[in-house]
Amino acid sequence: ELATAAAAAVFLLSRGAIGAVDAAVFRTFGPAHPLGEVARLLAGSVPILPAAFCMGGTLPAIAGAFARDARALGRSGPILYLVNTVGAVLGALAAGFALPSRIGYAATYGVALAISAAAGGAACLLDAVRPAAVPAAAVPPAPDPGPGRALLALAFLSGALTLALEVLATRAFAQVLQNSAHTYAVVLAAFLASLAAGAGLAALLARSGRAPRAVLAAVLTTSGIAAAACPFVFHWRTGGLAGLGGDLDWTGYLLAVAGSACLVVFPAGVLGGSVLPYLFRLSAGAPPESVGRLGAANSAGAIAGSVAGGFFLLDAAGLWASFRWVATIYLLAGALVAFRAGGRRGALAALVPVALAAILSTWFDPGRLPVVHLEPDEELLWVHESGAGVVALVRDGENVRVKLDGRYTLGDLASRPHEEREANLPLLLHPRPRRVIFLGLGTGITPAAALSHPVERVVVCELVPDVIEASRRGFAPWIRGLHEDRRATILAEDARRYLAATGEAFDVVIGDLFVPWGAGTGSLYSVEHFRLVRERLATGGLFFQWLPLYQMSREEFEAIARAFLEAFGQVELWRGDFLGQYPILALAGHRGPGPLDSGSVARRLDEARAAGMRHAPLGDAGAGS
């Protein structure tokens with residue numbers, strides 16, 4: 001615990017170095033290079049390994065301290081695992097809700113460090129005052145049988161399937177929830193609570209006196225049934241992906257999310273979560289070190305399962321079919337355990353999960369469930385699932401929109417005048433815009449508007465690769481050949497990472513309407529990000545950050561404005577439309593003397609009209625300052 005606190009503190013102090021290494025990797029390999037992605041993974045994971053390594057050793061160490069009798073391990077192991085997982089639930093809720101909004105993220109991190117340090121200090125004190133039950137020299141060291149290969153394999157498989165299920169459940173809820181850090185914390189807490197309940201179930205099963213292999217086979221089989229039911233329960237609970245919450249207030253919304261998460265993931269989580277602690281029962285008689293070995297195998301499986309679920313299963317099979325894969329593996333594992341129990345009864349018992357797996361693959365195909373919710377007047381034109389999300393093109397009469405994860409519209413054809421204005425206004429304010437970068441693609445209408453100006457280079461960074469394909473498929477007639485124009489470069493890349501790595505200077509930087517409460521997007525409204533953008537501006541350069549005012553409270557707007565003012569000495573506030581329900585504003589910062597020349601907008605509009613420009617910037621809509 002003391003080493004955990006120290007290593008976590010070092011990680012906190014090394015975040016700047018991590019960003020510098022990531023930027024160097026990007027400059028060396030470029031975007032989306034396989035070796036670059038591996039190097040990026042190592043750069044992000046290696047600094048947290050010391051703290052994670054130490055945290056992973058706490059439960060086995062506690063088992064060694066409190067389960068000194070090897071026979072007691074089967075009874076006390078599940079209870080220790082239960083208490084440890086309950087602590088994880090409380091930690092997830094505290095970090096997601098209680099602490100950051102009250103004391104800030106830095107102080108929350110400090111609280112976590114203090115808790116680890118206090119636990120380490122308490123352990124030292126306990127070790128000093130607690131007399132040893134048996135002198136170490138009086139008991140000769142016994143041979144270390146340890147858990148067998150079969151138990152280690154089951155521990156690995158349990159971790160892989162449990163974490164794959166957690167990844168899939170989180171992705172499923174992203175289709176119906178406002179994908180914020182709060183909703184993620186609720187889903188995570190519900191899943192951890194199911195694992196804690198699974199540890200409690202394992203403790204009861206360990207005391208039941210039933211044949212351990214038969215119990216384990218039954219647990220694995222029922223886990224498969226519960227995992228197979230997840231898509232159908234989810235579809236029923238959400239009304240066919242229609243969403244959750246409706247007109248509920250904040251508290252009611254969170255309760256609805258928590259109830260739905262428990263309803264969907266709790267059965268599979270409880271059953272799957274009971275496997276590892278029940279393996280402690282099967283390893284009774286082995287030394288307490290077996291907890292560490294089983295935990296290591298389980299954690300290795302968790303790594304494999306989260307990677308497979310997030311990067312391979314979703315891309316290869318899609319969301320609902322991935323649940324079926326997890327369920328099938330559970331059932332086959334149950335059949336194997338039953339068969340290894342031996343005898344005619346074991347062979348007959350093995351036929352049950354095998355038959356269920358056959359039925360699941362034949363008749364209960366969750367791949368037939370919809371992945372996008374459609375209103376009665378909507379038509380699905382194209383959809384693609386991946387680890388980055390579900391991207392869909394939807395037609396509503398004459399309008400076409402692109403949706404991400406079913407809930408959020410990235411843009412539509414009906415908003416074309418407003419989307420074009422988001423590019424035209426800043427480009428008209430700059431006297432000579434030659435190099436422009438857009439942070440976000442959306443439909444492609446906004447960056448395409450830049451091609452009607454005398455620009456030499458347009459860079460577009462889009463985080464979700466399938467959004468690029470949706471723009472190409474759904475909006476080609478309205479984006480002026482954006483995907484083919486030699487002046488335009490469209491990158492499937494994190495805009496922050498690109499700005500940190502590139503040495504290029506831009507005349508104009510335009511930030512999209514980032515959802516302020518979306519998980520991960522808050523950093524795009526931070527002081528650090530705004531300062532990074534300022535460093536990438538050429539002399540006289542201009543940064544326009546558009547803000548969805550309809551998605552912000554006054555406090556959130558003021559926080560963003562303060563961050564912007566801290567990064568830019570001169571800031572102007574521009575209005576992007578005159579809509580009452582969905583107003584947008586822009587914070588404009590620039591590197592140059594004096595205020596922006598607002599009159600240049602009118603002058604250049606007149607010049608465009610006089611020249612008979614086919615696509616006059618701003619059209620007849622105008623703009624207000």
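- Pro370 and Trp320 get closest at one heavy-atom pair: O-NE1, 2.9 Å.
- Surrounding OH of Tyr550 are more than 12 heavy atoms belonging to other residues, nucleotides or ligands, all under 6.0 Å away.
- Taking the charged nitrogens against the carboxylate oxygens, Lys403 and Glu378 do have a contact shorter than 4.0 Å, which makes a salt bridge.
- Panel note: side chain Ser452, backbone Ala449; a donor-acceptor pair is recorded below 3.5 Å.
- Taken from NE2 in His483 to CD1 in Ile468, the straight-line distance is 7.5 Å, to the nearest 0.5 Å.
- No side-chain heavy atom of Thr238 sits under 4.5 Å from any side-chain heavy atom of His373.
- For the pair Val383 and Val371, the minimum side-chain heavy-atom distance is below 4.5 Å.
- Note that CZ of Arg472 and CD1 of Ile479 are 8.5 Å apart. Values are rounded to the nearest 0.5 Å.
- Between Phe543 and His529, the angle of the ring planes goes over 60°, which puts this pair in the perpendicular group of the 30/60° scheme.
- Surrounding CH2 of Trp325 are at most 12 heavy atoms belonging to other residues, nucleotides or ligands under 6.0 Å away.
- Of all heavy-atom pairs between Val402 and Ala470, the closest is CG2-CB, 3.8 Å.
- Side chains of Tyr525 and Met552 form a contact here, defined as non-hydrogen atoms less than 4.5 Å apart.
- Ring orientation note: the planes of Phe475 and Trp478 are nearly perpendicular, at an angle over 60° on the 30°/60° scale.
- Residues passing the ring pair (Phe, Tyr, Trp, His ring centres under 6.0 Å) test with Phe557, sequence neighbours excluded: none.
- With 3.5 Å as the limit, one finds a donor-acceptor pair spanning the side chains of Ser523 and Arg496.
- Counting heavy atoms from C-beta outward, Val460 and Leu491 have side chains that stay 4.5 Å or more apart.
- Side-chain atoms of Thr502 never come within 3.5 Å of backbone atoms of Leu499 as a donor-acceptor pair (strictly under, hydrogens ignored).
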side-chain contact (heavy atoms from CB on, under 4.5 Å) between Ile490 and Leu482, intermediate numbers included: CA-CA 9 Å; Ile490 302 176; Leu482 174 68; 4.0 Å; yes
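- In this structure, the side chain of Glu375 does not engage the main chain of Asp377 through any donor-acceptor pair within 3.5 Å.
- Side-chain contact between Leu42 and Val25 is absent, with no heavy-atom pair separated by less than 4.5 Å.
- Atom CG of Leu537 is separated from atom CG of Leu542 by 7.5 Å, given to the nearest 0.5 angstrom.
- The backbone N or O of Leu177 sits nowhere less than 3.5 Å from a side-chain atom of Thr183 that would complete a donor-acceptor pair.
- A donor-acceptor pair is defined here as one N or O able to donate and one able to accept, closer than 3.5 Å; such a pair exists between the side chain of Glu462 and the backbone of Leu441.
- Around atom CZ of Arg534, more than 12 heavy atoms belonging to other residues, nucleotides or ligands sit under 6.0 Å away.
- A donor and an acceptor atom, one from each side chain of Asp577 and His418, are nowhere located under 3.5 Å apart.
- Not a single donor-acceptor pair under 3.5 Å links the side chain of Asp494 to the backbone N or O of Leu463.
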Applying side-chain contact (heavy atoms from CB on, under 4.5 Å) to Val436 and Phe506, what does each step give before you reach the verdict? CA-CA 6 Å; Val436 187; Phe506 295 94; 5.9 Å; no
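- Under the 4.0 Å criterion applied to side-chain N and carboxylate O atoms, Arg562 and Glu566 are not assigned as salt-bridge partners.
- No donor-acceptor distance shorter than 3.5 angstrom exists from the side chain of Ser471 to the backbone of Val467, with no hydrogens or angles considered.
- Inter-residue side-chain proximity for Val515 and Gln551 is flagged as met; some heavy-atom pair is nearer than 4.5 Å.
- Ser415 and Asp412 make their closest contact through OG-OD1, 2.6 Å (heavy atoms, listed as atom of the first residue, atom of the second, distance).
- Across every non-hydrogen atom of Ala185 and Leu93, the tightest pair is O-CD2, 4.5 Å.
- The aromatic rings of Phe173 and Phe234 sit perpendicular to each other, their planes meeting at more than 60°, with 30° as the lower class boundary.
- Side-chain N or O atoms of Asp249 include one that pairs as donor or acceptor with a backbone N or O of Gly252 at under 3.5 Å.
- How far CG of Leu241 is from CG of Leu374: 10.0 Å, rounded to the nearest 0.5 Å.
- At a threshold of 4.0 Å, the pair Glu528-Arg531 does not count as salt-bridged, since none of the basic side-chain nitrogens sits closer than that to a carboxylate oxygen.
- Arg171 and Gln175 make their closest contact through O-NE2, 3.1 Å (heavy atoms, listed as atom of the first residue, atom of the second, distance).
- One distance of note links CZ of Arg401 with CG of Leu410; it measures 11.5 Å at 0.5 Å rounding.
- Across Arg434, Arg457, Arg536, a single residue satisfies salt bridge (charged side-chain N to carboxylate O under 4.0 Å, His left out) together with Glu504, and that is Arg457.
- Looking at Arg604, its side chain does come within 3.5 Å of a backbone N or O of Leu428 through a donor-acceptor pair.
- Side-chain atoms of Trp546 and Ile510, non-hydrogen and from C-beta on, do get closer than 4.5 Å to each other.
- With salt bridges taken as basic N to acidic carboxylate O contacts below 4.0 Å, one links Arg435 and Asp507.
- Arg416 and Glu420 are joined by a salt bridge, as a carboxylate oxygen and a charged side-chain nitrogen come within less than 4.0 angstrom of each other.
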Step-by-step side-chain contact (heavy atoms from CB on, under 4.5 Å) determination, Ile560 to Leu547: CA-CA 9 Å; Ile560 295 171; Leu547 304 178; 4.1 Å; yes
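- Put simply, the side chain of Ser386 never gets that close to the backbone of Asp466: no donor and acceptor are under 3.5 Å apart.
- Counting all heavy atoms, side chain and backbone alike, Ala321 lies closest to Ala317 at CB-O, 3.3 Å.
- When side chains are defined from C-beta on, Leu425 counts as touching Phe544, because their heavy atoms get closer than 4.5 Å.
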What's the verdict on side-chain contact (heavy atoms from CB on, under 4.5 Å) for Leu549 and Tyr582, showing C-alpha distance, side-chain angles and the deciding distance? CA-CA 7 Å; Leu549 204 62; Tyr582 301 108; over 6 Å; no
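- Under a cut-off of 6.0 angstrom, the local environment of OH in Tyr105 is sparse, with at most 12 non-hydrogen atoms contributed by other residues, nucleotides or ligands.
- The CG atom of Leu439 sits 5.0 Å away from the CZ atom of Phe514 when rounded to the nearest 0.5 Å.
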